[in-house]
Amino acid sequence: MLVCLVALGSRASAQRPPWMRGDMPEQSNASYYFKVTQGEGSTRTEARQNALLELVGELSRSQGVMIKGQDILQTLSESQNGSYNETTRQQSLYRFETEGFKTCFDVADEYYEGNTCWLLFEVAYNPERVRFDKVEFTTDYKGSALWRSLIVPGWGQMYKRSMGKGITILSLQVATIAGICACSNLSNSYYDKAKTARNNSVRESYLDKGANYRNVRNVFIGAAGAVYVYNLIDAIAGKGAKRYKKVHVSPYISSTGQGLSFNITF
């Protein structure tokens with residue numbers, strides 16, 4: 001008989017997490033490995049189930065056992081209505097045991113696009129003794145984005161993987177600075193011409209043009225300041241792409257029981 005222990009609850013993300021581009025979390029131990037599967041369906045629930053079935057099917061085949069997807073789903077349903085162990089985790093922990101097949105894995109994170117689901121699993125090398133890490137994310141970059149934006153406007157946004165916003169801020173800053181320089185040069189040029197003009201009407205015309213370009217320059221200065229201030233505020237307050245936290249809370253499973261261990265990386 002197939003036995004499943006399930007810790008209910010799941011997490012979905014709104015942005016593409018780093019593991020979707022191959023950047024896997026740090027591991028506190030080598031008792032497991034990461035595996036990503038993909039599932040599609042008419043609903044997100046079905047897509048998630050198919051991603052789960054893909055992993056179980058692959059693991060069972062690797063051990064020379066064939067388990068039908070419907071059998072797995074039926075067992076999950078029965079386990080949820082019967083007895084199962086719960087932990088405080090917001091993720092799903094699975095342990096399968098049947099004749100010729102035994103595995104234990106954890107859903108570390110999940111991501112959806114439409115009705116397509118990608119699951120990041122932590123798969124135990126030894127189902128009898130494994131220590132899974134709790135994968136946590138943050139969108140807060142604190143001062144690491146701010147000091148970059150202080151040096152180069154838009155750099156902090158690019159660092160947070162908001163590339164479009166960062167390029168836009170940098171382009172606006174360059175454009176406003178170019179406008180300041182161009183208008184200053186034109187204004188000075190007309191004032192210089194006014195100094196050497198002998199005709200009063202021509203001199204007045206040059207002075208008016210010089211003043212106009214100086215006013216436009218002042219507008220560019222204000223715009224440049226506004227872009228720079230916005231750049232700093234957004235670098236502090238704006239949310240960036242998801243990245244991993246450095247603190248691991250590692251639940252472990254062994255033949256003698258379950259527990260928690262802590263691993264902090266500085």
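The basis for the numbers below is simple: all heavy atoms, side chains too, and nothing from hydrogens, waters or symmetry mates. Worth saying up front: this structure is predicted, and the values here are computed from it rather than measured.
Val174 and Leu172 fall into different hydrophobic clusters, where Ile, Leu, Val, Met, Phe, Trp and Tyr side chains are chained together by heavy-atom contacts under 4.5 Å. With hydrophobic clusters built from ILVMFWY side chains whose heavy atoms lie under 4.5 angstrom apart, Tyr159 does not share a cluster with Ile236. Note on Leu186 and Val216: separate hydrophobic clusters, where clusters join Ile, Leu, Val, Met, Phe, Trp and Tyr whose side-chain heavy atoms are under 4.5 Å apart, directly or indirectly. Using a 4.5 Å cut-off between side-chain heavy atoms of Ile, Leu, Val, Met, Phe, Trp and Tyr, with links allowed through other members, Leu170 and Ile151 fall into the same hydrophobic cluster.
With sequence neighbours excluded, no residue forms a side chain to side chain donor-acceptor pair (under 3.5 Å) with Thr43. Applying the side chain to side chain donor-acceptor pair (under 3.5 Å) criterion to Gln38, with sequence neighbours excluded, gives Trp118. By the side-chain contact (heavy atoms from CB on, under 4.5 Å) test, Thr103 is found to be paired with Leu59, Phe96, Phe101, Phe105, Val123, residues two or more places apart in sequence or in another chain being considered. Shown here are the side chain to side chain donor-acceptor pair (under 3.5 Å) partners of Ser201, two or more places apart in sequence or in another chain: Asn199. Evaluation of the side-chain contact (heavy atoms from CB on, under 4.5 Å) rule for Val229 yields Ile233 as partners, not counting sequence neighbours. Every residue two or more places apart in sequence or in another chain that forms a salt bridge (Lys or Arg N to Asp or Glu O under 4.0 Å) with Lys35 is listed here: Glu58. Not counting sequence neighbours, Tyr228 has no partner by the side chain to side chain donor-acceptor pair (under 3.5 Å) test.
In this structure the side chain of Pro153 never reaches within 4.5 angstrom of the side chain of Tyr230, judged on heavy atoms. By the 4.5 Å heavy-atom criterion applied to side chains, Trp19 and Phe137 are counted as neighbours. Here the side chains of Val56 and Leu53 are not in contact, with every heavy-atom distance at 4.5 Å or above. Between Phe121 and Val36, every side-chain heavy-atom pair lies at or beyond the 4.5 Å cut-off. Here the side chains of Leu150 and Leu232 are in contact, with some heavy-atom distance below 4.5 Å.
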Tabulate below the donor-acceptor pairs under 3.5 Å that side-chain atoms of residues 202-210 make, not counting sequence neighbours, or state none.
from	atom 1	to	atom 2	distance (Å)
Arg203	NE	Ala194	O	3.4
Arg203	NH1	Asn200	OD1	2.4
Arg203	NH2	Ala197	O	2.6

Indicate every side-chain donor-acceptor pair of residues 217-226 with a distance under 3.5 Å to a residue at least two apart or in another chain.
from	atom 1	to	atom 2	distance (Å)
Asn218	ND2	Arg214	O	3.4

Show me the side-chain donor-acceptor pairs of residues 161-168 shorter than 3.5 Å, one per line, residues at least two apart or across chains.
from	atom 1	to	atom 2	distance (Å)
Lys165	NZ	Asp234	OD1	3.0
Thr168	OG1	Gly164	O	2.8

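The line from CD of Glu110 to CG of Leu52 is 10.5 Å long, rounded to the nearest 0.5 Å. Note: Tyr112 OH to Leu119 CG = 6.5 Å, rounded to the nearest 0.5 Å. Atom-to-atom distance recorded for Gln49:CD and Cys117:SG is 10.5 Å, nearest 0.5 angstrom.
When all heavy atoms of Ala108 and Val135 are compared, the closest pair comes out as CB-CG2, 3.8 Å. Contact detail for Arg148 and Trp155: the closest heavy-atom pair is O-CE3, 3.4 Å. Closest approach of Asn115 and Ala47 over heavy atoms only: O-CB, 3.1 Å. Of all the heavy atoms in Val107 and Arg48, the pair that sits closest is CG1-NH2, 3.8 Å. In this structure, Asp133 and Glu122 approach most closely via the heavy-atom pair O-OE2, 2.8 Å. Across every non-hydrogen atom of Leu146 and Ala235, the tightest pair is CA-CB, 4.0 Å.
Among residue pairs with one or both ends in residues 171-184, none qualify as salt bridge (Lys or Arg N to Asp or Glu O under 4.0 Å); sequence neighbours excluded.
At least one donor-acceptor pair closer than 3.5 Å links the side chain of Gln63 to the backbone N or O of Lys102. Using a distance-only test at 3.5 Å, with no hydrogens or angles considered, no donor-acceptor pair links the side chain of Asp23 to the main chain of Pro18. The closest donor-acceptor contact from the side chain of Asn188 to the backbone of Ser184 lies under 3.5 Å. A donor-acceptor pair is defined here as one N or O able to donate and one able to accept, closer than 3.5 Å; such a pair exists between the side chain of Asn231 and the backbone of Ser149. In this structure a side-chain-to-backbone donor-acceptor pair under 3.5 Å is missing from Ser187 to Cys183. Judged by distance alone, the side chain of Glu54 and the main-chain N or O of Gly39 form no donor-acceptor pair under 3.5 Å. Here the side chain of Arg44 pairs a donor or acceptor atom with the backbone of Gly114 at under 3.5 angstrom. Between the side chain of Glu46 and the main chain of Ser42, a donor-acceptor pair closer than 3.5 Å is present.
Cluster partners of Ile177 are absent, since no Ile, Leu, Val, Met, Phe, Trp or Tyr has side-chain heavy atoms less than 4.5 Å from it.
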Practice prompt. Could you walk me through whether Tyr111 and Asp109 pass the side chain to side chain contact (heavy atoms under 4.5 Å, CB included) test, one step at a time?
Written response: CA-CA 7 Å; Tyr111 174 75; Asp109 195 31; 5.7 Å; no
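If you look at Tyr33 and Tyr125, their ring centroids are closer than 6.0 Å.
Dense packing is recorded around OH of Tyr32, with more than 12 heavy atoms of other residues, nucleotides or ligands lying under 6.0 Å away.
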